Amino acid sequence: MLTKRIVPCLDVKDGRVVKGIQFVQLRDAGDPVELARFYDEQGADELVFLDISASHEGRKTMVEVVKAVASELAIPFTVGGGINALEDMKRILRAGADKVSLNTAAVNNPDLITEGANFFGSQCIVVAIDAKYDEELGSWRVYTHGGRTQTGREVIAWAREAAERGAGEILLTSMDSDGEKKGFDIKLTKAVSEAVSVPVIASGGAGNADHFAEAFIEGKADAALAASIFHYKETSVAEVKAYMKEKGVVVR
Amino acid sequence: MIGIIDYGMGNLFSVSKALERLEVPYFLSENKGELMKAEGLILPGVGSFKDAMSILNSTGLADLVREYADTGKPLLGICLGMQLLFEDSEENGLTEGLQLLPGHVRRFPGATAEGETYKVPHMGWNRLEFLHSSPILRGLEEEYVYFVHSYFVDTDNKEAVISRCLYDVEVPAVVGRGKVFGMQFHPEKSGSLGMSLLRNFTELVEERMSVK
């Protein structure tokens with residue numbers, strides 16, 4: 001049986017992991033490979049690297065990070081951030097990443113999803129959606145540019161379109177829940193997961209192990225992503241997995 | 001030495017790095033003469049069956065793989081590379097495969113016989129079930145490996161399916177006949193079991209080299 005996936009997310013800037021400051025036991029907590037290995041050993045099912053470099057140089061460095069991680073570890077990983085064209089996807093995937101995640105670029109140019117899926121196969125293309133509830137709309141709206149820009153798009157419709165265009169997975173972040181640590185947005189996650197035929201990764205709001213169980217059982221998520229609770233060791237991947245087993249959620 | 005077929009379709013980087021971690025010498029090539037001399041061959045593959053076969057056919061590498069299989073030297077297809085070993089695939093219109101193994105590549109239905117829908121691609125960690133003994137499974141225990149695919153091999157040839165997993169349908173996960181092997185999952189991304197499976201393949205290659 002296919003397991004539910006626990007996915008730590010690492011922010012990388014100019015080739016260094018930022019925010020992973022609590023890893024005192026590591027020689028170099030800013031080293032993406034070292035952190036990736038740490039999570040791999042804990043039983044992480046996959047990793048997401050989000051490149052938050054603002055510069056061209058930083059982006060080039062990301063390719064080196066991807067190569068280093070793929071060289072050292074036998075674990076699947078996705079790279080997002082700064083991927084705007086087919087060429088960007090080629091650079092990252094050929095360096096050894098398993099998937100690329102498109103966000104703003106996919107909204108601005110949905111053909112990019114199709115191009116990527118045709119070239120690499122759907123399994124390599126993740127569409128990341130930043131969602132925020134809109135009272136007037138009575139539904140969630142898509143935001144881009146790291147949540148700064150509101151688009152006219154409605155989340156469910158966009159998720160469906162992305163999947164139809166060839167996205168192999170949806171990485172769904174709730175801007176309402178993100179950083180609150182009060183749990184994933186279950187309503188949003190369930191709505192999107194039921195609307196599309198591809199796997200959905202729930203993101204935003206994880207504060208404890210029980211939140212993961214909610215995302216899987218009630219939210220029908222296929223995977224759940226978290227950053228700070230793992231980085232700051234509020235819980236560990238191993239702890240979350242042990243708890244999932246208690247709750248009857250199948251994990252590796 | 002192990003040759004990895006470089007035909008522009010596949011995650012060559014991760015497969016080659018996995019061999020480096022195993023300290024197994026390899027080379028990447030699209031040259032038929034060079035590949036034919038390899039003691040073992042790996043056919044990687046990510047992307048669509050039709051595109052892959054069209055490249056393999058136009059470059060003559062399809063013939064090379066068939067001839068290579070005839071020599072009895074170990075051959076391993078990974079992910080799409082495994083599917084290519086079979087008779088045909090319905091991905092983007094029916095396309096003939098390399099026809100080294102009996103079976104057809106079909107898309108996951110996306111709904112169970114009872115009408116319950118499920119996610120396609122089959123993406124994530126699934127548990128292998130070993131069906132019969134094979135040198136490729138030597139010393140290993142049933143564990144989880146990483147799958148990413150929307151199509152699976154449908155075969156009624158029980159002999160060829162060495163290991164399977166379940167995802168609505170029966171998914172052949174490790175296949176083989178003689179020295180021709182295939183893995184539907186990504187051994188290079190499947191933690192320690194994946195690395196051990198690759199190790200078993202490279203040992204088959206080494207054993208062959210030592211008796212020569």
Side-chain angles (χ1 to χ4, degrees), chain A residues 1-7 40-41 43-47 63 66-78 90 92-99 116-126 163 166-170 193-201 220-223 250-252, chain B residues 8-18 20-22 45-52 79-80 91-92 108-111 117-127 129 143-151 165-168 171 185-198:
Chain A
M1 199 177 162
L2 192 65
T3 64
K4 299 289 187 184
R5 289 170 279 151
I6 308 292
V7 187
D40 181 23
E41 281 164 4
D45 296 301
E46 243 176 88
L47 296 173
V63 175
V66 170
K67 280 189 181 164
V69 173
S71 301
E72 306 245 350
L73 294 169
I75 182 172
F77 64 98
T78 303
K90 284 184 188 169
I92 296 291
L93 292 171
R94 285 184 178 156
D98 299 275
K99 308 176 209 174
N118 286 344
F119 199 87
F120 299 104
S122 289
Q123 74 283 345
C124 292
I125 311 297
V126 180
E169 192 165 49
I170 303 290
S193 190
E194 286 179 342
V196 296
S197 61
V198 297
V200 172
I201 308 174
K220 303 195 171 179
D222 300 280
V250 185
V251 288
R252 179 167 70 106
Chain B
M9 299 279 291
N11 209 342
L12 298 177
F13 188 86
S14 354
V15 175
S16 23
K17 290 297 158 186
E20 282 170 30
R21 286 199 297 275
L22 293 171
V46 170
S48 97
F49 192 100
K50 204 182 199 79
D51 293 348
C79 199
L80 175 65
E91 185 175 2
N92 301 338
F108 283 105
T117 59
Y118 60 88
K119 301 297 174 80
V120 178
H122 172 221
M123 185 185 280
W125 297 79
N126 204 330
R127 197 180 175 90
E129 193 183 326
E143 254 297 341
Y144 289 97
V145 291
Y146 187 78
F147 290 86
V148 193
H149 60 127
S150 300
Y151 291 77
C165 73
L166 296 177
Y167 190 61
D168 172 40
V171 181
F185 50 91
H186 285 275
E188 77 282 9
K189 293 285 175 179
S190 292
S192 62
L193 177 56
M195 292 303 286
S196 302
L197 283 158
L198 272 181

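Computed from a prediction, not measured in an experiment: that's the story for all the values here. Reminder, nothing fancy here: chain letters follow the sequence lines and each chain counts from 1.
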- Let me know if A:N118 has heavy atoms under 4.5 Å from chain B in its side chain, its backbone, both or neither. backbone
- Item | Shortest non-hydrogen separation from B:Y144 to A:V251 and the atoms involved | OH-O, 3.9 Å
- Task: Write down the atom of B:G124, the atom of A:L2, and the distance for their closest heavy-atom approach.
- Result: C-CD1, 3.7 Å
- Query: With only heavy atoms counted, which part of A:V200 is less than 4.5 Å from chain B, the side chain, the backbone, both or neither?
  - Reply: both
- Message: Among B:R127, B:M123, B:M195, B:E129, which residue has the highest count of heavy-atom pairs closer than 4.5 Å to chain A?
- Response: B:M123
- Query: Minimum heavy-atom separation for A:Q123 to B:V148, with atom names?
  - Reply: CB-CG1, 3.0 Å
- Query: In terms of heavy-atom pairs under 4.5 Å with chain B, which of A:K4, A:R94, A:E46 leads?
  - Reply: A:E46
- Query: chain B: which of A:P76, A:A70, A:A95 shares the most heavy-atom pairs with it under 4.5 Å?
  - Reply: A:P76
- Message: For the interface with chain B, which of A:G168, A:G121, A:A223, A:S122 has the highest count of heavy-atom pairs at distances below 4.5 Å?
- Response: A:G168
- Item | Considering all heavy atoms, the nearest B:R21-A:A74 contact | NH2-CB, 3.6 Å
- Message: Between B:E188 and chain A, with a heavy-atom cut-off of 4.5 Å, which part of the residue counts as in contact: side chain, backbone, both or neither?
- Response: backbone
- Task: Find out whether A:S193 and B:K119 are in side-chain contact, i.e. whether some heavy atom of one side chain is under 4.5 Å from a heavy atom of the other.
- Result: yes
- Query: Non-hydrogen atoms of chain B under 4.5 Å away: do they reach the side chain of A:T3, the backbone, both or neither?
  - Reply: both
- Task: Give, as side chain, backbone, both or neither, the part of B:Y118 having an atom under 4.5 angstrom from any heavy atom of chain A.
- Result: backbone
- Heavy-atom proximity to chain B below 4.5 Å, by part of A:R5: side chain
- Would you name the heavy atoms of B:F13 and A:K67 that are closest together and state the gap between them? CE2-O, 3.6 Å
- Query: How long is the span from the CG atom in A:L73 to the NZ atom in B:K17, to the nearest 0.5 Å?
  - Reply: 13.0 Å
- Query: Checking heavy atoms, do the side chain of B:D168, its backbone, both or neither come under 4.5 Å from chain A?
  - Reply: neither
- Message: What part of B:S48 gets within 4.5 angstrom of chain A, counting heavy atoms only: side chain, backbone, both, or neither?
- Response: neither
- Between OG on residue B:S14 and CD1 on residue A:I75, distance to nearest 0.5 Å: 13.0 Å
